[in-house]
Number of protein chains: 2
Amino acid sequence: MVVQSVDRAIEILELLLREGEAGITEIADELGVHKSTASRLVYTLQARDLVEQHGDRGRFTIGIGMLRFAGAVTGQIDLARLGTPLCESLAEKLGETVNIAVLDGAVAINVSQARGTSAVAAQNWTGQRTPLHATSSGKVLLASMDEQDQERVLAGELTAYTPNTIVEPDELRTVLKRVAEDGYATCFEELEPGLHAVAVEVLGATGEVAAAFSASGPAYRLSRKRIRQIARELRAAAAELSGQLGYIN
Amino acid sequence: MVVQSVDRAIEILELLLREGEAGITEIADELGVHKSTASRLVYTLQARDLVEQHGDRGRFTIGIGMLRFAGAVTGQIDLARLGTPLCESLAEKLGETVNIAVLDGAVAINVSQARGTSAVAAQNWTGQRTPLHATSSGKVLLASMDEQDQERVLAGELTAYTPNTIVEPDELRTVLKRVAEDGYATCFEELEPGLHAVAVEVLGATGEVAAAFSASGPAYRLSRKRIRQIARELRAAAAELSGQLGYIN
DNA sequence: CCCTCCAGTTGCTTAATAAGAAACTCTGAG
DNA sequence: CTCAGAGTTTCTTATTAAGCAACTGGAGGG
């Protein structure tokens, strides 16, 4: 029941998301369609601002019209709707940046964020995808996967973002075991220099891990001792969110 | 050259954005297509997480997959990335809705928004285009244009949105001179009844006007006196954002 | 200067796919 | 129980999307 041309248009969006930018010929090759077909599909997306062109040749990207949908999504999905107030109160309490992230294929995607009063980081992670292996949220989500899915991620490329990023599969396996035991995951300058983070799991109605709830801040403020304290706060908030999502312990 | 079925799928996304949620029958009515057509188009969007259903009956909404695309856009725009935190802190301080808008052809387009605690308006302007002549941001951007570009806009249609909209080119020229002198622009029920707004310019690295920073709220709260106070706050925040963008005064 | 390559677009043809209609299934309300 | 309304499925067909070939324009090289 898939409408093929619509599916192709979505495939174009996914391609632009992956590649950053592409031209008509490249898009046609990737889709396995004729250039004129690709041109028309892109034209349709462009007419609605979902795709835009930077320059005359080859540089189509996701368009600014997509921004309109971001607020709608975060206002509507339960995790964002229910979790955002919790994010905000926790950010105020901790003074750090608090995020909720969910699994999206082989990456984590942030669906909610609130910044605390001490937060210096300018980055808004909402809607941004982050690598599973290099973030505290990602490790929580990885640890919750069945072994087959987990191995699939570990078999992929574990990109180094800093000298601290865990890129050895064996090391990551050990870390994930520890996450399961500790009930929280940490990240010490593995994604960005100077950035520490800690995350715990949020359970959905059926008891499966629905999301990761995390707090992040500069290394100088997030010592290992403080991280453990924050993990406790996160766990309490996560339990409340789990309850709101329908989980009964 | 529009691919009709793709256009219809996009129309469905726009409808869900407008309405919040809708069922297959309502979508079919709005598009003027048969129910089975609407069902197939929605199915295709749903298969790719661009649409999701809450419950069994009637409650289709925008899906989380759209967030991925929105995230790609915000990650690319420095203004949105750097300006959003400032938006948020200013919205909290002022209690009003704060926006950042950039020039996009002959319209302003909002790239960031934060709502204050007093904000009653449900409208999310992010990603939306607004007319230059009828908004405070638009006037700031207009005033920053060279005379040739400015005259091109003034020679176009100046649509009346309310009885207060400035539609006479001469009157608008006078207003733009005033904007340049005052260092801020205002909007008194020119776009929507009951809506007042004030905007200041944000300078980019080279000193050119990169964006407009605005605050808006209901007429009963935004008196002319309060507008002048808010303009001062906006100017301070805009100076900070300009600095972040690389402008050295 | 001409030629080649590559970007994207346009016009035409046609067949494949999308669309419409009708029938179906399921659920909830009266 | 019936009926209305939700969404889905099957079938038919015509309309629309897709493919092909030609086109336009720009850049680079000889």
Side-chain angles (χ1 to χ4, degrees), chain A residues 1-66 76-78 205 246, chain B residues 1-66 76 104-105:
Chain A
M1 155 142 127
V2 166
V3 181
Q4 184 178 242
S5 56
V6 173
D7 196 60
R8 280 176 172 164
I10 298 169
E11 192 58 44
I12 288 171
L13 294 172
E14 300 275 356
L15 170 66
L16 293 178
L17 188 60
R18 267 192 324 266
E19 303 289 330
E21 66 182 35
I24 298 289
T25 314
E26 184 183 349
I27 290 167
D29 284 348
E30 289 280 325
L31 260 68
V33 301
H34 193 268
K35 227 177 13 173
S36 63
T37 298
S39 184
R40 284 191 205 97
L41 291 169
V42 168
Y43 177 88
T44 305
L45 292 166
Q46 192 172 9
R48 297 287 199 133
D49 295 321
L50 302 188
V51 159
E52 64 194 38
Q53 193 176 24
H54 300 266
D56 294 340
R57 301 173 71 85
R59 303 184 56 208
F60 288 94
T61 66
I62 301 284
I64 198 158
M66 282 291 188
Q76 284 165 3
I77 62 174
D78 283 352
Chain B
M1 157 137 126
V2 165
V3 181
Q4 184 179 246
S5 57
V6 173
D7 197 60
R8 280 176 172 164
I10 297 169
E11 191 59 43
I12 288 171
L13 294 172
E14 300 273 356
L15 169 67
L16 292 177
L17 187 58
R18 265 193 324 266
E19 301 289 329
E21 66 182 32
I24 298 290
T25 314
E26 186 182 346
I27 290 166
D29 283 348
E30 290 279 325
L31 260 70
V33 302
H34 193 268
K35 230 180 6 172
S36 66
T37 298
S39 183
R40 283 193 207 96
L41 292 168
V42 167
Y43 178 88
T44 304
L45 293 167
Q46 192 175 7
R48 296 287 199 133
D49 295 323
L50 303 191
V51 159
E52 63 193 36
Q53 193 177 22
H54 300 262
D56 295 338
R57 301 175 70 86
R59 303 182 59 206
F60 287 93
T61 66
I62 300 285
I64 194 166
M66 291 300 288
Q76 287 166 3
D104 183 35

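Order of the sequence lines sets the chain letters (A, B, ...), proteins ahead of strands, with each chain counted from 1.
- Note on S36(B): every side-chain N or O is 4.0 Å or more away from OP1 and OP2 of dT8(D).
- At a threshold of 4.0 angstrom between heavy atoms, the contacts of R59(A) with the nucleic acid are absent.
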Step-by-step side chain to side chain contact (heavy atoms under 4.5 Å, CB included) determination, T44(A) to D7(B) | CA-CA 6 Å; T44(A) 305; D7(B) 197 60; 4.2 Å; yes
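- The side chain of Q4(A) sits closest to dA18(D) out of dG7(D), dG8(C), dA18(D).
- In this structure, E26(A) places its CD atom 14 Å from C1' of dG8(C), rounding to the nearest Å.
- Atom-to-atom, NZ of K35(B) to C1' of dA21(C) comes out at 11 Å; the value is rounded to the nearest Å.
- For dT24(D), the base has no donor-acceptor partner in the side chain of R57(A) [N/O atoms by modelled type, under 3.5 angstrom].
- Counting any heavy atom pair closer than 4.0 Å across all strands shown, V42(A) reaches no nucleic acid atom.
- The distance from atom CD1 of I24(A) to atom P of dG25(D) is 18 Å, rounded to the nearest whole Å.
- In this entry the distance linking CD of Q53(A) with C1' of dT9(C) reads 12 Å, nearest Å.
- Within the 4.0 Å cut-off from OP1 or OP2 of dA18(D), at least one side-chain nitrogen or oxygen of R8(A) is found.
- Counting heavy atoms from C-beta outward, L16(A) and I62(A) have side chains that approach closer than 4.5 Å.
- Looking at heavy atoms from C-beta onward, M1(B) lies in side-chain contact with S39(A) at the 4.5 angstrom threshold.
- The base of dG7(D) does not come close enough to the side chain of R40(B) for any donor and acceptor atom to sit less than 3.5 Å apart.
- Closest non-hydrogen pair, L41(A) versus S5(A), comes out as CD2-O, 3.8 Å.
- The CD1 atom of I12(B) sits 13 Å away from the P atom of dA18(C) (whole-angstrom rounding).
- Positionally, the nearest nucleotide of DNA chain C for M1(B) lies more toward the 5' end than for the other of V6(A) and M1(B).
- Here S5(B) does not reach the OP1 or OP2 of dT16(D): none of its side-chain N or O atoms lies under 4.0 Å away.
- Counting heavy atoms from C-beta on, the side chains of R18(A) and E30(A) come closer than 4.5 Å.
- Residue-to-nucleotide contacts include no donor-acceptor pair under 3.5 Å from the side chain of H34(A) to the base of dA18(D).
- The side chain of T25(A) places an N or O atom within less than 4.0 Å of a non-bridging phosphate oxygen (OP1 or OP2) of dG8(C).
- Taking atom CD1 of residue I27(A) and atom P of nucleotide dA18(D), one finds them 14 Å apart after rounding to whole Å.
- Between the CD atom of E11(B) and the C1' atom of dA18(C) there is a distance of 18 Å, rounded to whole Å.
- The CZ-C1' distance, from F60(A) to dT9(C), rounds to 11 Å in whole Å.
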